[in-house]
Amino acid sequence: MKSLAIILVLSLISCSKIEKKYIIDKKVELLTDSIVPIKNGDYTVNYLEISGQTDDTIIIKPCKGCFENFLTGKINEKYSMDYYGTQNVAFIYKAYKAKQVNLKINFVIN
């Protein structure tokens with residue numbers, strides 16, 4: 001049991017996590033951001049979590065090569081992709097038709 005605890009602690013220490021959080025509570029036309037991985041970092045996943053509410057449609061593009069996602073009303077979405085630290089990751093938020101927005105965005109590589 002002791003060796004299992006040591007392995008668990010070592011695996012948690014070896015993870016390289018970079019996280020960015022946003023709160024959008026007014027009309028923001030465009031938000032784009034990227035995360036640059038730490039060289040030789042130990043990554044396995046890239047994810048984007050969005051929660052909150054809008055009065056009309058917004059657009060989320062969770063990664064550089066991803067399709068645009070049109071979201072409206074009450075939002076609770078998570079986009080998750082395999083990621084191994086080989087390139088920068090980016091996302092795009094567009095207000096599109098929304099005038100009133102109250103969103104939390106969590107952008108992570110881990």
Just wondering, do Tyr79 and Asn46 contact through their side chains at under 4.5 Å, heavy atoms?
no
Nearest 0.5 Å, what's the NZ-CG distance between Lys104 and Asp25?
10.5 Å
Which atom names give the shortest non-hydrogen contact between Val45 and Ser80, and what distance separates them?
CG2-OG, 3.3 Å
Would you say Leu103 and Tyr96 are hydrophobically clustered, going by side-chain heavy atoms of ILVMFWY under 4.5 Å?
no
With rounding to the nearest 0.5 angstrom, report the CG to OG1 distance, Asp82 to Thr44.
8.0 Å
Shared hydrophobic cluster, Ile109 / Ile92 (ILVMFWY, side-chain heavy atoms < 4.5 Å):
no
Looking at residues at least two apart in the chain, or sitting in another chain, which of them share a ring pair (Phe, Tyr, Trp, His ring centres under 6.0 Å) with Tyr93?
none
Under a 4.5 Å side-chain heavy-atom rule over Ile, Leu, Val, Met, Phe, Trp and Tyr, are Tyr43 and Met81 clustered together?
yes
Val28 side chain near Val101 side chain, heavy-atom distance below 4.5 Å
no
Taking only distance into account, with no hydrogens and no angle test, what donor-acceptor pairs under 3.5 Å do side-chain atoms of residues 47-66 form with protein atoms, sequence neighbours excluded?
from  : atom 1 : to     : atom 2 : distance (Å)
Glu49 : OE1    : Asn106 : ND2    : 3.1
Thr54 : OG1    : Asp56  : O      : 2.6
Thr54 : OG1    : Gly73  : N      : 3.3
Asp55 : OD1    : Lys99  : N      : 2.9
Asp55 : OD1    : Gln100 : N      : 3.0
Asp55 : OD2    : Gln100 : N      : 3.4

In this structure, would Tyr84 and Val108 fall into the same cluster of hydrophobic residues linked by side-chain contacts under 4.5 Å?
no
